[in-house]
Amino acid sequence: MKAGIVGLPNVGKSTLFNCLSNAKAQSANFPFCTIEPNIGVVNVPDQRLEKLEELVNPERVLPATVEIVDIAGLVKGASKGEGLGNQFLGNIRETDAILHVLRCFDNDNVVHVDGSVDPIRDKETIDMELQLKDLESVEKKLDKVKRAAKTGNKEAQKEEAVLSALKEGLEAGKSVRAIGVSEDDREEFVKPLQLITDKPVMYVCNVDEGAAVDGNAYVDKVKEAVANENAEVIFLAVGTEADITELETYEERQMFLEDLGLSEPGSAKLIRGAYKLLDLETYFTAGVKEVRAWTIPIGATAPQAAGVIHTDFEKGFIRAEVIAYDDYVKYGSEAKVKEAGRMRVEGKEYIVKDGDVMHFRFNV
């Protein structure tokens, strides 16, 4: 699952990507690897993993990860191929969620492509390009569906109505995620089109150091503008985050954060937000060899969760032994949880909860 960083040129996208890609930035132990120049695999900060490590004292600890893609700066006309438009839109289509970076700071030394700072205008510039590209896709599909609908095909008529509603909404400047379509219709007719403005989005307001704790008036405007979009808004001082990554030791970085009034780097908040945006959650396995966080989609069953470790675990699933994270911490070890009668045995229908500590029984 991939989240793509988008925005106009010079809003701080690449600086943010570099912050995420700097292993020192997040904690004493926060690895990152680059698959391609613009793709990085970043660990998801999770204090529960640190607590389990403390209790189990394993040989190694493996956190959950999320893939972040730095997508080239977008310019007006991208939907018509301006700048790196086509490449940009191809890259963004391959992601599962969008991290939209908006410039929310004043600085005469950093040129703005449109000559002044206005995050709402910037947001609308990018939204319009993405909506135009989606409109193109919807119109192509609608032409095909209309021909089938004319023959009296009931399913095609239903799809035509949904696509017409999308076309109307996009022409009115709405993103697909904000167009009222029933969940069933969205699943059946909208999802397969992989429309860019249907992807979940988080607006990342890039503020200056003085606004790192409480935000500023620009951030308030963004929150107001996206209120009906079902989108999350976070703010962080990307330049300050970059300064933090330059410090040598974890202790120095913590002192810097405390001086600013922050409990953790903003980028840690952003990574967790991206994980949530992708509809992902975590379960743990805990043993002396390894304590590990595993990534699953929200709503996964126990066999599906087992399949993330190995497909054989899913095929031959017998049962799962489950300990709630809070119980593990309360009793301090698997043995004591068992003594207290707090370990549960769950079958194939069990929906895994975020934070479950699990052990699978299987037979292939």
Side-chain angles (χ1 to χ4, degrees), residues 1 23 26-32 41-66 249-251 253-254 257-258 263-265 268-269 271-276 278-364:
M1 298 289 270
Q26 313 306 327
S27 69
N29 172 19
F30 201 78
F32 169 103
V41 177
V42 188
N43 287 348
V44 179
D46 193 329
Q47 288 174 333
R48 296 173 301 181
L49 196 61
E50 291 165 28
K51 188 69 186 166
L52 288 172
E53 179 183 9
E54 208 179 284
L55 294 172
V56 179
N57 196 19
E59 287 172 25
R60 63 176 187 161
V61 178
L62 290 169
T65 59
V66 64
T249 68
Y250 178 61
E251 287 68 29
R253 294 191 292 279
Q254 288 306 108
L257 287 167
E258 279 166 28
S263 57
E264 65 175 357
K269 190 168 60 174
I271 295 161
R272 279 199 301 272
Y275 194 70
K276 247 172 73 182
L278 291 163
D279 264 343
L280 301 173
E281 63 184 7
T282 302
Y283 77 87
F284 302 103
T285 50
V288 287
K289 286 258 179 242
E290 174 183 280
V291 165
R292 183 166 185 164
W294 299 89
T295 301
I296 50 169
I298 291 171
T301 60
Q304 286 166 338
V308 174
I309 299 176
H310 198 288
T311 48
D312 284 354
F313 281 33
E314 184 170 2
K315 281 182 205 151
F317 179 89
I318 300 170
R319 64 177 185 273
E321 292 165 359
V322 184
I323 301 170
Y325 169 78
D326 288 343
D327 282 342
Y328 205 109
V329 172
K330 181 180 173 183
Y331 295 102
S333 73
E334 190 178 310
K336 285 185 178 154
V337 172
K338 280 181 182 169
E339 270 173 41
R342 298 293 294 171
M343 180 188 273
R344 307 189 314 276
V345 175
E346 301 286 1
K348 289 181 177 178
E349 305 302 311
Y350 178 67
I351 302 295
V352 179
K353 293 181 180 62
D354 187 53
D356 278 349
V357 181
M358 305 186 78
H359 182 71
F360 298 104
R361 301 286 177 192
F362 70 103
N363 181 25
V364 175

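Side chains included, hydrogens not; waters and symmetry mates left out as well; all remaining heavy atoms used.
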Minimum heavy-atom separation for [X] and [Y], please, with both atom names.
{"X": "M358", "Y": "A302", "result": "CE-CB, 4.5 Å"}
{"X": "A64", "Y": "A293", "result": "N-CB, 3.5 Å"}
{"X": "P63", "Y": "V44", "result": "CB-O, 4.4 Å"}
{"X": "R319", "Y": "V345", "result": "CD-CG1, 3.3 Å"}
{"X": "F317", "Y": "G347", "result": "CE2-C, 3.8 Å"}
{"X": "G287", "Y": "P58", "result": "O-CB, 3.5 Å"}

May I ask you to say whether [X] pairs ionically with [Y], meaning some side-chain N is under 4.0 Å from a carboxylate O?
{"X": "E339", "Y": "K336", "answer": "no"}
{"X": "K269", "Y": "E264", "answer": "no"}
{"X": "E346", "Y": "K353", "answer": "no"}

Whether Y328 side chain and S333 backbone form a donor-acceptor pair below 3.5 Å |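 Side chain of Y328 to backbone of S333: no pair is present.
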Hey, does the side chain of D356 reach the backbone of A324 with a donor-acceptor pair shorter than 3.5 angstrom?
->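 Not a single qualifying donor-acceptor pair exists.
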Can you name the one residue among L62, N43, V61, T282 that meets side chain to side chain contact (heavy atoms under 4.5 Å, CB included) with L49?
->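 Filter result, single survivor: V61.
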Note, [X] side chain near [Y] side chain (heavy atom, < 4.5 Å):
{"X": "T295", "Y": "T65", "result": "no"}
{"X": "Y350", "Y": "R344", "result": "yes"}
{"X": "T301", "Y": "E349", "result": "no"}
{"X": "Y275", "Y": "D46", "result": "no"}

Distance from [X] atom [atom1] to [Y] atom [atom2], nearest 0.5 Å?
{"X": "D326", "Y": "R342", "atom1": "CG", "atom2": "CZ", "value": "10.0 Å"}
{"X": "F313", "Y": "R361", "atom1": "CZ", "atom2": "CZ", "value": "11.0 Å"}
{"X": "E314", "Y": "I309", "atom1": "CD", "atom2": "CD1", "value": "11.0 Å"}
{"X": "H359", "Y": "I323", "atom1": "NE2", "atom2": "CD1", "value": "10.0 Å"}

Which word best sums up how the rings of F360 and Y283 line up, parallel for under 30°, tilted for 30 to 60°, or perpendicular for over 60°?
->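 Rings of F360 and Y283: perpendicular, over 60°.
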Assess whether side chain to side chain contact (heavy atoms under 4.5 Å, CB included) is satisfied between D354 and R48, documenting all intermediate values.
-> CA-CA 11 Å; D354 187 53; R48 296 173 301 181; 3.0 Å; yes
Partners of K289 by salt bridge (Lys or Arg N to Asp or Glu O under 4.0 Å), sequence neighbours excluded?
->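 Scan of K289 (salt bridge (Lys or Arg N to Asp or Glu O under 4.0 Å), adjacent residues dropped) gives E59.
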